[in-house]
Amino acid sequence: MSLENKGTVKSTDVLIIGHGLSGLANALSIKEKNPNLDILLVDKASTGYAGKANKGACVVIDIAPEHTADEIVEWHVRKSGEYLNNQDLYKKFIESMPSVIDKMEEWGTHVARQENGDVKLVPSFPKECPWGLALMEYDFLIKFAARAKKLGCKFMDKTTITDILTDGNKVVGAVGFSLLDGEKFIFKAKSIVIANGNQDYRGINMWDCARGDGIAAAFRAGAEMRNGEFGTFKQAMYCDFPDVPLTAEDHIYNEKGEWLTPKFRPWVNDPNFDMSKYWGTMIYDSNNQMFVGMYKDALAGNGPHYLNAAEYKAPERLFAYAANPEFSERPKWIRWNGIFQEKVQKGLINNKGPMIPVTAGLIGEQSPIKVDNDFRTSIEGLWAIGDSCYNGSGVPGAVPAPPARLRGSGLAFATFSAIAAAPSVAAFSAKEGSINEDQVDQYINDFMAPKMRYAGVNPNEIMSDIRAIMASMKYTGSPTEEVMQEGLALVQKEKEKLNNVYAKNWHYLSAANEARSFVLCAEIHFTTAQLRKESRGWFMRDDYPERDDANYLKYINFQKDAEAGIRTWMTDVPLADYPYQPE
């Protein structure tokens with residue numbers, strides 16, 4: 001039987017899975033290198049509205065005046081990444097930011113600038129930080145997509161790509177289906193770029209579109225991965241409104257009225273603040289130590305916890321910079337942010353204070369696809385960029401990424417990695433590979449199975465259960481070996497349910513694929529986390545509370561294994577090649 005009888009065949013030189021910021025930036029950059037290449041971008045969302053990029057503050061990190069890229073790299077290697085960083089790629093990333101911002105403007109976005117042409121930067125926290133944040137207008141994805149279309153790039157919306165086709169260790173295409181009518185697609189491609197984000201487990205709503213599909217597809221194709229244990233980022237959020245994370249950790253009080261913050265963020269109560277005293281400490285708006293402290297405080301009977309709104313200064317910073325039209329000159333973003341303020345005024349959000357109930361809200365940010373400094377994966381012809389590979393690149397080190405405790409790095413890394421990958425993608429020369437029809441049949445049967453059933457488990461049930469496990473401070477805060485094994489056992493129960501998932505329509509069929517991704521990513525987390533027998537950066541364990549450079553200054557790598565499911569191994573961080581060494 002021919003491929004055409006199995007589904008609609010689409011052929012292209014470059015297939016980009018995802019047309020959010022990294023996918024669009026990659027397509028534009030490839031076209032600039034080789035205008036003759038056929039590029040097809042495929043996404044579940046609508047062109048110009050995909051991904052996470054335009055659903056937050058729309059800020060991009062840049063080097064602050066009178067500072068250097070080296071200072072930023074050293075700051076984060078020592079203070080958050082704790083030496084698991086790829087320091088060479090990190091420096092290349094930060095050094096590139098001025099030109100990356102210029103390129104984004106060239107593609108059509110608006111960046112706030114001073115009269116002399118310098119980028120206006122919002123001061124970061126704390127004031128000693130050697131970086132700042134540039135502000136972009138809300139509609140940049142629409143502008144980039146329009147430019148890509150003019151250059152000849154083709155787009156497919158409302159389409160789920162489930163699996164990558166391979167010929168040995170070389171990509172030859174992919175398979176997927178339409179969310180609208182179930183039409184099956186077989187994509188022939190000489191090269192593929194994964195650009196559809198990381199795993200956020202449908203946590204906080206602003207970024208719940210990141211559901212790990214690209215990570216799961218790369219894993220099933222046999223790509224090597226690393227740093228899967230760093231994907232449990234949490235941030236304070238209103239208990240009655242889980243849409244918006246808060247930078248509230250410096251103002252947390254318990255039910256007894258005790259100011260809890262200084263126990264876990266001691267610098268906030270230090271009248272003689274000296275950064276050198278806290279070298280090796282995550283001095284940011286959010287750190288896992290704070291949330292673990294809240295959890296243990298609640299177990300001791302001192303919960304719930306509250307934000308002291310009278311002390312909370314973040315809204316003042318917002319209106320001084322990000323939401324100030326005289327500073328940021330971006331009316332579309334200000335209008336979008338105003339929707340939140342309208343909800344506050346209508347009483348839909350308890351923002352009146354003075355004590356507002358808050359909790360630790362799961363974001364996630366697992367991004368483990370392993371890439372080299374040109375963003376190639378271990379499979380020939382396969383690249384990964386943006387959030388799909390941020391941790392896998394080694395750049396952020398021992399913290400979930402984005403934001404890698406580096407505000408504004410999400411948009412920045414998405415664009416930088418897309419531009420950095422473009423030369424090797426554009427120069428890649430490969431004959432159209434041979435597609436194995438049995439592999440096509442297997443993948444189509446796998447993703448269609450839920451639609452063939454007449455009843456079964458709702459995929460949303462599985463995703464809700466996985467999210468509850470990953471959001472639990474018990475399992476992903478500072479667990480012990482025994483607790484992580486308990487968490488993994490719960491994930492395995494959800495994995496068994498996948499055999500009976502039922503999809504009542506094509507959108508539910510896409511949800512069934514997402515449920516597969518949820519289960520796999522959670523399994524990856526607990527499998528790799530048990531191997532890291534130490535506490536480092538964001539990663540904490542009650543049974544191993546200290547950092548152990550002698551035994552665990554290593555990457556935990558993993559890959560699909562036919563027998564074990566997940567094969568793991570460790571490799572040393574090449575510190576001898578890097579400028580910054582442990583103290």
Side-chain angles (χ1 to χ4, degrees), residues 15-27 41-56 58 140-141 144-145 157-164 174 176 179 192-219 223 225 227-228 230-233 362-371 375 377 382-393 395-396 400-404 409-418 421 463 466-467 470 510-511 513-518 520-522 524-525:
L15 173 64
I16 300 178
I17 304 175
H19 52 54
L21 176 56
S22 61
L24 287 170
N26 188 237
L41 298 96
V42 182
D43 203 299
K44 291 184 286 188
S46 299
T47 303
Y49 296 90
K52 299 155 54 180
N54 62 344
K55 299 172 178 64
C58 297
F140 56 91
L141 291 180
F144 293 178
D157 296 347
K158 309 301 181 185
T159 303
T160 290
I161 289 183
T162 63
D163 289 280
I164 295 167
L179 276 74
I192 296 177
V193 182
I194 296 175
N196 59 343
N198 56 6
Q199 179 58 274
D200 283 354
Y201 299 104
R202 290 176 71 174
I204 287 180
N205 295 347
M206 290 174 69
W207 298 293
D208 72 356
C209 55
R211 300 177 186 180
D213 289 350
I215 296 169
F219 177 86
M225 301 193 177
N227 293 329
F230 301 106
T232 59
F233 177 49
L362 174 68
I363 298 179
E365 311 287 38
Q366 185 188 46
S367 53
I369 301 177
K370 182 181 176 182
V371 292
F375 296 91
T377 71
L382 181 64
W383 283 256
I385 57 176
D387 286 1
S388 71
C389 71
Y390 201 166
N391 270 118
S393 72
V395 165
S409 75
L411 275 64
F413 186 81
T415 312
F416 159 74
S417 59
M463 287 189 280
I466 291 293
R467 180 170 61 252
M470 299 307 295
S510 185
N513 186 63
E514 292 172 359
R516 285 201 296 168
S517 303
F518 273 45
L520 174 61
C521 290
I524 285 169
H525 169 78

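Numbers here are sequence positions counted from 1.
- Atom CG of Leu141 and atom OH of Tyr49 lie 9.5 Å apart (nearest 0.5 Å).
- Proximity of a side-chain donor or acceptor of Asn227 to a complementary backbone N or O of Pro368 within less than 3.5 Å is not detected.
- Rounding to the nearest 0.5 angstrom, the gap separating the CE atom in Met463 from the CG atom in Asp208 is 10.0 Å.
- Within the 4.5 Å cutoff, side-chain heavy atoms of Thr377 are placed close to those of Ile369.
- Using a 4.5 Å heavy-atom threshold, the side chains of Ser46 and Lys158 count as touching.
- The CG atom of Leu382 sits 7.5 Å away from the CD1 atom of Ile17 when rounded to the nearest 0.5 Å.
- Applying the side-chain hydrogen bond (donor to acceptor under 3.5 Å, both in side chains) rule to Asp43 yields no partners; only residues at least two apart in sequence or on another chain are considered.
- No option in Asn26, Ile385, Val395, Asp387 other than Ile385 meets the side chain to side chain contact (heavy atoms under 4.5 Å, CB included) test with Ser417.
- Considering only heavy atoms from C-beta on, Met470 comes within 4.5 Å of His525 through its side chain.
- Pro400 has its side chain out of reach of Ile363: every pair of non-hydrogen atoms, C-beta onward, lies at least 4.5 Å apart.
- Ion pair Asp213/Lys44 flagged as a salt bridge, since at least one NZ, NE, NH1 or NH2 atom sits closer than 4.0 Å to an Asp/Glu carboxylate oxygen.
- With no hydrogens or angles considered, a side-chain donor-acceptor pair links Tyr390 and Ser409 at under 3.5 Å.
- Of the charged side-chain nitrogens involved, none lies within less than 4.0 Å of a carboxylate oxygen, so that Arg467 and Asp200 do not count as a salt-bridged pair.
- Here the closest non-hydrogen pair linking Tyr201 and Ala522 is OH-N, 3.5 Å.
- Put simply, OG1 on Thr160 and CG on Leu179 are 4.0 Å apart, with the number rounded to the nearest 0.5 Å.
- Remark: the Asn198 side chain and the Glu365 side chain contain an N/O donor-acceptor pair separated by less than 3.5 Å.
- Within the 4.5 Å cutoff, the side chain of Cys389 has no heavy atoms near those of the Lys370 side chain.
- In this structure, the side chain of Gln199 engages the main chain of Arg211 through a donor-acceptor pair within 3.5 Å.
- Looking at Asp157 and Thr47, their side chains do bring a donor and an acceptor atom within 3.5 Å of each other.
- A donor-acceptor contact closer than 3.5 angstrom links the side chains of Asn391 and Ser367.
- With no hydrogens or angles considered, no side-chain donor-acceptor pair links Asn196 and His19 at under 3.5 Å.
- With contacts defined as side-chain heavy-atom distances shorter than 4.5 Å, the pair Trp383/Ile194 does not qualify.
- Across all their heavy atoms, Phe413 and Gly386 have their closest contact at CE2-O, 3.6 Å.
- Nearest approach of Ala53 to Cys58, heavy atoms of both residues: O-SG, 4.2 Å.
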